[in-house]
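The analysis underlying the following values was restricted to heavy atoms, covering all of them including side chains, and did not include hydrogens, waters or symmetry mates.
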Amino acid sequence: MISAQAWADTRRLWDYHQMGHTPRPCSVAIGLGSHDLGVAETAVDLYKRGMAPLLVFTGSTSPTTRERMPRGEAVHYRERALELGVPDSAILVEPRARNTGENIRFSRELLEDAGVDVSSVLLISKPYEERRAYATARKLWPEVEIVSASTPMTLDEYVDSIGNARLVIDMLVGALQRLLIYPEQGFMISQPVPDDVRDAYERLCHAGFTSRLLTTDRPSA
């Protein structure tokens, strides 16, 4: 059973991970590869709404996507976008990236090689990865404006889509940990983390939601 306190703490992390940006027209939209085809579908929706003239899908495979997306995350995203009516001429694929930093670096290189002038990026990720994606992009591509986006959904809807509440909480905790420690390692910019978010994170760690933590910073039980 997941306690009422754990759910309250999870909702606090969920709210913090989302940037609350309002989508607006940008030079390009970049969909970050993952297990979630909803990222591609949201990218298509934003493209059809005129928010970007070009889509970039970035991502190789990972242990969690290898079976579901054997041709690679970016390739499967492209296939989904084509199914939904996006012309092939409006899609670029970056198939090598294996983490968020590589997503950003390799997409930037791809766009530079294609001669695309980029002043702003609509960065599309899973809902709980918005802030991590934003912080990484601001570190690695500081000269462009970053607008974060994800599929609009509640925490309950996301849990239902995954079908495993404990896994979702573990992922939210792991994403928060990276926001705390990655700036010191040069992977992303530092962002203020409110005390109530830190407290919620600590309580969830002590409650055992730790499977996605990096062991170097695992709080003691």
Side-chain angles (χ1 to χ4, degrees), residues 13-14 16-21 23 26-43 46 52 55-66 68-69 72-78 92-112 118 120-151 158 162 167-168 170-191 193 197 201 211-217:
L13 264 60
W14 174 266
Y16 176 71
H17 281 308
Q18 298 192 19
M19 297 296 295
H21 292 171
C26 291
S27 306
V28 63
I30 299 178
L32 304 183
S34 72
H35 64 271
D36 188 356
L37 272 178
V39 173
E41 293 165 356
T42 297
L46 292 167
L55 302 179
V56 174
F57 294 128
T58 168
S60 178
T61 60
S62 71
T64 59
T65 63
R66 193 163 293 125
R68 291 187 61 189
M69 300 179 179
E73 296 155 5
V75 173
H76 282 265
Y77 278 18
R78 171 185 172 273
L92 294 176
V93 169
E94 186 295 296
R96 299 179 295 136
R98 296 181 181 275
N99 56 55
T100 306
E102 289 185 352
N103 287 140
I104 302 304
R105 292 202 313 271
F106 295 167
S107 294
R108 179 179 184 177
E109 292 170 4
L110 177 67
L111 288 161
E112 289 173 349
V118 178
S120 55
V121 172
L122 190 56
L123 194 60
I124 306 162
S125 64
K126 300 187 293 296
Y128 71 90
E129 291 282 8
E130 274 195 26
R131 189 173 293 274
R132 176 182 177 183
Y134 173 84
T136 304
R138 291 286 293 114
K139 177 69 176 183
L140 299 177
W141 208 350
E143 66 271 27
V144 304
E145 182 178 358
I146 304 296
V147 179
S148 286
S150 65
T151 304
Y158 191 73
I162 298 299
L167 176 60
V168 170
D170 285 349
M171 292 190 295
L172 292 170
V173 170
L176 197 284
Q177 181 208 33
R178 285 153 179 79
L179 288 170
L180 294 172
I181 68 174
Y182 275 1
E184 296 180 359
Q185 300 175 22
F187 296 150
M188 61 176 64
I189 65 166
S190 178
Q191 297 184 90
V193 181
V197 174
Y201 163 76
S211 74
R212 294 303 176 99
L213 287 182
L214 302 173
T215 57
T216 54
D217 190 53

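The shortest side-chain heavy-atom distance between Val56 and Val121 does not fall under the 4.5 Å cut-off. With a 4.5 Å cut-off on side-chain heavy atoms, Leu167 and Arg212 count as touching.
In terms of heavy atoms, Ala40 sits closest to Phe57 at CA-CE2, 4.1 Å. For Ala43 against Leu55, the heavy-atom pair with the smallest separation is O-CD2, 3.7 Å. Shortest non-hydrogen contact noted between Pro23 and Leu46 is CB-CD2, 3.9 Å. Counting all heavy atoms, side chain and backbone alike, Tyr158 lies closest to Pro127 at CE1-CD, 4.0 Å. Of all the heavy atoms in Leu122 and Ala149, the pair that sits closest is CD1-CB, 4.2 Å. Shortest non-hydrogen contact noted between Leu110 and Val93 is CD2-O, 3.7 Å.
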Test side-chain contact (heavy atoms from CB on, under 4.5 Å) applied to Thr151 and Val39, step by step: CA-CA 7 Å; Thr151 304; Val39 173; 5.8 Å; no

Would Arg96 and Thr58 count as a side-chain contact (heavy atoms from CB on, under 4.5 Å) here? Give the steps. CA-CA 7 Å; Arg96 299 179 295 136; Thr58 168; over 6 Å; no

Test side-chain contact (heavy atoms from CB on, under 4.5 Å) on Leu179 and Tyr16; report intermediate values, then the result. CA-CA 11 Å; Leu179 288 170; Tyr16 176 71; 3.9 Å; yes

Please lay out, stage by stage, how Asp170 and Val173 fare under the test side-chain contact (heavy atoms from CB on, under 4.5 Å). CA-CA 5 Å; Asp170 285 349; Val173 170; 5.8 Å; no

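Rounding to the nearest 0.5 Å places CZ of Arg108 at 8.5 Å from CG of Leu140. To the nearest 0.5 Å, atoms NZ (Lys139) and OH (Tyr182) are separated by 14.5 Å. Rounded to the nearest 0.5 angstrom, Ser190 OG and Ile181 CD1 are separated by 12.5 Å. Atom CE of Met171 sits about 10.5 Å away from atom NE2 of His17, to the nearest 0.5 Å. Atom CE of Met188 sits about 7.0 Å away from atom OG1 of Thr100, to the nearest 0.5 Å. Going from atom CZ of Arg105 over to atom OG1 of Thr136 covers 10.5 Å, rounded to the nearest 0.5 Å.
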Table please: side-chain donor-acceptor pairs of residues 30-37 below 3.5 Å, with sequence neighbours left out.
unit_1 : atom_1 : unit_2 : atom_2 : d
Ser34  : OG     : Asp36  : N      : 3.0
Ser34  : OG     : Tyr77  : OH     : 3.0
Asp36  : OD1    : Gly38  : N      : 2.7

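Annotation: cation-pi pair Arg178/Phe187 absent, no NZ/CZ under 6.0 Å from the ring centroid and within 45° of its normal.
For Glu145 and Ser120, the side-chain atoms include no donor-acceptor pair closer than 3.5 Å. No hydrogens or angles considered: a donor-acceptor pair under 3.5 Å links the side chains of Ser150 and Glu130.
Of the possible donor and acceptor atoms, one in the side chain of Gln177 sits under 3.5 Å from a partner among the backbone N and O of Leu214.
Judged as a ring-ring contact (aromatic ring centres under 6.0 Å, His included), and not counting sequence neighbours, the contacts of Tyr134 are His21.
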